[in-house]
Each structure stands twice: as C-alpha cells, then as structure tokens.
2 protein chains.
Amino acid sequence: MNPNDNPATTSLAEAKAQFVHLWGVSGTSWGVSKTLAQVHALLLVSPAALSTEDLMEQLTISRGNASMTVRELLDWGLIYKELRPGERREYFVAEKDMLQVTRCIIRARKRRELDQMKRTLDQLAALPGDPADADYRAFHAALTDIQQLATVSDKLLTRLMQAEKSWFWDKFLKLFM
Amino acid sequence: MNPNDNPATTSLAEAKAQFVHLWGVSGTSWGVSKTLAQVHALLLVSPAALSTEDLMEQLTISRGNASMTVRELLDWGLIYKELRPGERREYFVAEKDMLQVTRCIIRARKRRELDQMKRTLDQLAALPGDPADADYRAFHAALTDIQQLATVSDKLLTRLMQAEKSWFWDKFLKLFM
DNA sequence: TACAAGTTTCAGTAATTATTGAAACTTGTG
DNA sequence: CACAAGTTTCAATAATTACTGAAACTTGTA
C-alpha cells in the first residue's frame with residue numbers, strides 16, 4: 001500500500017504541514033523570520049535528517065535562503081549537521097529535547113534583547129549628575145529600578161538555561177502552581 | 001540662571017536623550033516599533049505630563065504617528081491620560097512603577113507570542129491519528145512536549161504578572177540566586 | 001590539474017512594516 | 001448652528017527586513 005493511500009498517514013502529513021505553518025506564523029511574532037521558524041519546525045517533526053535540497057523542495061525556498069537559515073539554526077544550537085560517510089551532501093537533524101530547545105531559544109533571545117540593553121543602562125547610570133537636583137534624582141532612581149529588573153531577569157534566565165530537567169520540574173511545577 | 005547654563009542640567013538632558021535613544025533601539029529588538037519605545041521612554045523620564053504636541057516636537061514624529069502610538073501605549077496600560085480642567089488638550093503620564101511596567105509588558109507579549117500558539121497547538125494535538133504508527137506517535141509526543149512547555153511558561157508568566165512586590169522579591173531573589 | 005558535487009555569498013528585488021500628512025471626525029463654546 | 005481646538009483615520013510613501021538566484025568559492029577524486 002502506498003503510504004499516501006493510508007488515511008492515517010495522510011492526516012499525519014497534513015498535521016505536520018500545519019505544524020510547520022503554525023511555527024512559521026508564531027516565529028514571526030517571536031521576532032525570527034518565517035523561513036527560520038519553518039525550517040526548524042520541519043526538522044523537528046522529521047524523524048530522518050534532511051539535506052539542504054530537501055528543505056528547498058519541501059518549503060519552496062531558494063538555495064541561498066536555505067543555506068543562511070541552516071547556518072543560523074546551527075549557531076543557535078537548534079539543529080546539528082549529520083555527515084554520512086562517502087557522501088558529500090550535508091544533512092541536518094533538529095535537537096528534539098524540548099527543554100534543550102528552550103534553553104537555546106532563551107540564550108539567543110537574552111543575547112538579543114537583554115545583554116546589549118544592560119550594557120547601555122550601565123553606561124547611562126554611570127553618567128555624573130547633581131544629587132541636589134530632584135529631577136536628576138528621579139531620573140537616576142528610574143534608571144536604577146530598570147537596572148535592577150534587568151539584573152533579576154538576567155539571573156532568572158541564566159538559571160533557567162542551566163536548569164536540569166529534574167530541577168526544572170521540581171522547582172517550577174512545585175513552587176509556581 | 002537659565003537651566004541650560006547649568007552643566008548638571010545639560011548633562012541630565014543629554015542623559016535623558018540617550019535613554020530615549022537606547023529605549024528606541026532596544027524596542028526594535030523587542031519587537032515593538034522604535035516610536036512606541038521612544039514615546040514610552042520619553043514619558044518615563046518626564047516628571048510632567050506631556051501632550052501629543054510635545055511628543056511630536058520632542059521626537060520629531062507626525063501627528064498621526066503620535067496619536068496611534070499613544071493609543072497603543074494606553075492599551076498596554078503603560079501610560080495614562082491626564083485631563084486638565086478647562087483644557088481641551090490631552091496630556092499623558094507614564095506608569096512609573098517598573099514592576100507594574102514589567103507586568104504590562106509581560107501581559108502584552110504573552111498575548112502576542114504565547115496565547116495564539118497555545119490555541120493552535122491544542123487544535124493540532126486534537127487531530128486524530130493511528131497510534132500503531134511509530135511516526136505518528138513521535139509527532140504526537142513532540143507536540144505534547146511543546147504543549148507542556150507552553151503551559152508551564154504560561155503559568156509562570158501569569159504568576160509573574162500577579163506578583164506583588166514583596167512576593168516577587170521574596171520568592172525570586174531568595175529562590176533563584 | 002580538471003572536474004563534479006556540493007556550499008556560501010551578496011547585489012538586486014520582493015514583501016513587510018512603520019510613518020507621514022491631509023482629510024474627516026469630535027466636542028465644547030458663543 | 002458655526003467655529004475653534006483638538007483627535008483619529010487611512011491611503012500613499014518610506015524604511016526595513018527577508019528572499020532569490022546566479023556567480024564565486026570549497027573540497028574530494030581521478
């Protein structure tokens with residue numbers, strides 16, 4: 001029987017296609033490109049490793065786009081290269097452990113959204129000013145508040161990234177629910 | 001003495017301008033428009049309420065842009081209208097409590113980034129499939145993992161939004177550092 | 001060294017998102 | 001009601017960001 005004749009298989013393929021689509025849409029609101037999110041989704045639900053060629057074909061994207069997207073996902077640590085002996089072509093598999101995936105995403109977003117801001121806040125807070133000026137004190141107090149929050153967020157995210165599965169479930173599920 | 005002759009005041013104005021600029025740049029990487037972030041920053045460091053006219057002038061943006069941005073910030077709960085008796089013009093002040101500001105931002109981002117995704121994941125997970133098919137089981141297991149993470153994130157963020165200042169510091173600083 | 005099979009780069013173009021500015025609208029007042 | 005002082009809307013445009021496709025590059029093999 002051709003797999004495509006099997007209703008269950010067909011609906012599985014459809015479900016996967018829908019998942020790829022959903023991940024693409026969500027990706028957009030998470031600040032990554034649709035293509036990046038879709039390549040990630042496709043690899044996440046592919047039991048087998050896929051080549052650049054496969055990605056181009058299944059998502060109808062260009063070779064250049066596929067190449068750059070794959071490189072970025074490798075940078076993030078969300079996918080791995082799989083080299084097959086005697087074959088020139090590169091294949092890619094996704095990290096399937098979602099806790100690990102979450103860590104990678106947190107790391108990347110922290111870098112993009114928090115780290116640069118913290119550096120600049122520190123510079124701003126270091127600017128001299130007249131402590132007798134109420135207006136200056138108010139500004140400085142606001143800065144300090146923001147810095148504190150940034151610091152707490154940073155530590156929280158760092159801790160989350162280091163979290164072991166057991167720690168994660170222990171602390172989080174028990175303390176926050 | 002003219003305030004602009006005072007070195008401390010001048011450097012304060014510069015620091016504020018730098019802060020508005022920083023917040024604008026950061027806003028971009030946080031997925032909001034530069035203008036939105038800058039208007040918010042400007043109001044955050046303005047002791048007095050500002051009118052639409054003031055915002056247009058200080059940030060050199062158009063009336064339309066100022067109007068739409070202000071409306072969005074009101075939606076987020078990050079700024080408030082201040083109406084002055086006998087005056088037609090509307091003034092705006094920022095919520096200055098940074099914990100409250102954080103809550104508003106978490107709420108908006110959760111809505112944008114998580115809630116829609118959760119709904120669609122639930123739909124996908126509900127699709128029927130053949131439990132005898134290993135490929136189907138793998139897909140379903142991946143979906144379930146993602147759903148679990150989405151659920152935990154949701155609960156964590158919800159808890160964070162409800163956090164009182166004391167709870168926040170108690171739990172977070174003590175447990176996570 | 002020449003070639004084949006692949007990958008990467010990047011200038012040009014397409015798609016998306018943000019902003020302007022002017023017209024339409026609202027509202028208080030004589 | 002007419003007008004003044006303000007606000008909102010939205011079609012047109014600008015700015016940004018993502019994608020394509022072809023040329024340049026890399027690497028293993030004969």
Side-chain angles (χ1 to χ4, degrees), chain A residues 20-21 23-43 49-76 79-93 108-109 112-113, chain B residues 20-21 23-43 49-76 79-93 108-109 112-113:
Chain A
V20 169
H21 179 251
W23 214 240
V25 172
S26 296
T28 307
S29 59
W30 280 64
V32 304
S33 82
K34 196 186 64 177
T35 303
L36 187 101
Q38 288 189 329
V39 169
H40 183 221
L42 184 55
L43 288 172
L50 299 180
S51 67
T52 306
E53 212 75 38
D54 295 330
L55 296 173
M56 288 166 58
E57 196 179 310
Q58 295 198 39
L59 299 173
T60 50
I61 57 174
S62 72
R63 188 172 296 284
N65 194 5
S67 168
M68 303 219 286
T69 298
V70 155
R71 181 143 51 80
E72 194 168 350
L73 285 169
L74 287 168
D75 273 356
W76 284 43
I79 67 175
Y80 307 110
K81 263 189 195 174
E82 191 181 282
L83 294 176
R84 297 182 182 174
E87 254 200 280
R88 184 72 185 287
R89 181 169 293 192
E90 294 173 335
Y91 291 81
F92 305 94
V93 274
R109 297 193 75 174
R112 176 154 59 92
E113 302 184 0
Chain B
V20 169
H21 179 250
W23 214 239
V25 172
S26 296
T28 306
S29 59
W30 281 63
V32 304
S33 80
K34 196 186 64 175
T35 302
L36 188 99
Q38 288 188 328
V39 168
H40 183 220
L42 184 54
L43 288 172
L50 300 180
S51 67
T52 306
E53 211 76 37
D54 295 330
L55 297 173
M56 289 167 57
E57 195 178 311
Q58 296 199 38
L59 300 172
T60 50
I61 57 175
S62 71
R63 186 172 298 283
N65 196 3
S67 167
M68 303 218 286
T69 298
V70 154
R71 181 143 51 83
E72 195 169 348
L73 285 169
L74 287 167
D75 273 355
W76 284 42
I79 66 174
Y80 307 109
K81 261 188 195 173
E82 192 181 282
L83 294 176
R84 298 183 182 174
E87 254 201 278
R88 182 73 184 287
R89 181 169 293 193
E90 295 174 335
Y91 291 81
F92 304 96
V93 275
R109 296 193 75 173
R112 177 153 57 92
E113 301 183 2

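Note on naming: letters A, B, ... go to the chains in the order of the sequence lines (proteins, then strands), and numbering restarts at 1 for each one.
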Taking only N/O atoms, report every protein-nucleotides 22-25 of chain D pair under 3.5 Å with atom names and distance.
none

Give each protein N/O atom lying under 3.5 Å from an N/O atom of nucleotides 28-30 of chain C, with the pair distance.
none

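Using a 4.0 Å heavy-atom criterion, one finds that Ser51(B) contacts no nucleic acid atom at all. Nucleic acid contact class of Glu53(B) (heavy atoms, under 4.0 Å, all strands): none.
The two atoms that bring Val39(A) and Leu55(A) nearest to each other are CG1-CD1, 4.0 Å, heavy atoms only. Closest non-hydrogen pair, Lys34(A) versus Gly24(A), comes out as CG-O, 3.9 Å. A pairwise comparison of heavy atoms in Ala37(A) and Trp23(A) identifies O-CD1, 3.1 Å as the closest pair. Pairing each heavy atom of Arg112(A) with each of Val32(A), the nearest pair is NH2-CG1, 4.4 Å. Contact detail for Glu90(A) and Leu83(A): the closest heavy-atom pair is CG-CD2, 3.8 Å. Taking every heavy atom of both residues into account, Leu43(B) and Phe92(B) meet most closely at CD2-O, 3.3 Å.
Residue Ser67(B) places at least one side-chain N or O under 4.0 Å from the OP1 or OP2 atom of dT8(D). Between Arg71(B) and dT9(D) there is a side-chain polar atom (N or O) within less than 4.0 angstrom of OP1 or OP2.
Atom CG of Leu50(A) and atom CD of Glu57(A) lie 10.5 Å apart (nearest 0.5 Å). A distance of 9.5 Å separates CG in Leu36(B) from CG in Asn65(B), rounded to the nearest 0.5 Å.
Side-chain atoms of Ser29(A) come within 3.5 Å of backbone N or O of Ser26(A) as a donor-acceptor pair. Side-chain N or O atoms of Ser67(B) include none that pairs as donor or acceptor with a backbone N or O of Arg63(B) at under 3.5 Å. The main-chain N or O of Ser51(B) is found under 3.5 Å from a side-chain atom of Asp54(B) such that the two form a donor-acceptor pair.
Of the candidate nucleotides dT19(C), dT7(C), dC19(D), dT19(C) has the atom lying nearest to any side-chain atom of Ser62(B).
The shortest distance between side-chain heavy atoms of Val20(A) and Gln58(A) does not fall below 4.5 Å.
In this structure, Gln38(A) places its CD atom 14 Å from P of dA18(D), rounding to the nearest Å. We find that CG of Leu73(B) is positioned 14 Å from P of dA18(C), with the value rounded to whole Å. Distance, Met56(B) CE to dT19(C) P: 14 Å, rounded to whole Å. Across the protein-nucleic acid pair, Asn65(B) atom CG and dT8(D) atom P stand 13 Å apart, rounded to whole Å. Rounding to whole angstrom units, CG of residue Leu36(A) and C1' of dC19(D) are separated by 13 Å. A straight line from CZ of Phe92(A) to C1' of dG6(C) spans 11 Å, rounded to a whole angstrom. Between the C1' atom of dG6(D) and the NZ atom of Lys81(B) lies a distance of 11 Å, rounded to the nearest Å. Between the CE atom of Met68(B) and the C1' atom of dT7(D) there is a distance of 13 Å, given to the nearest Å.
A heavy-atom distance below 4.0 Å to DNA chain C is reached by these residues of residues 25-35 of chain A, ordered by number: Thr28(A).
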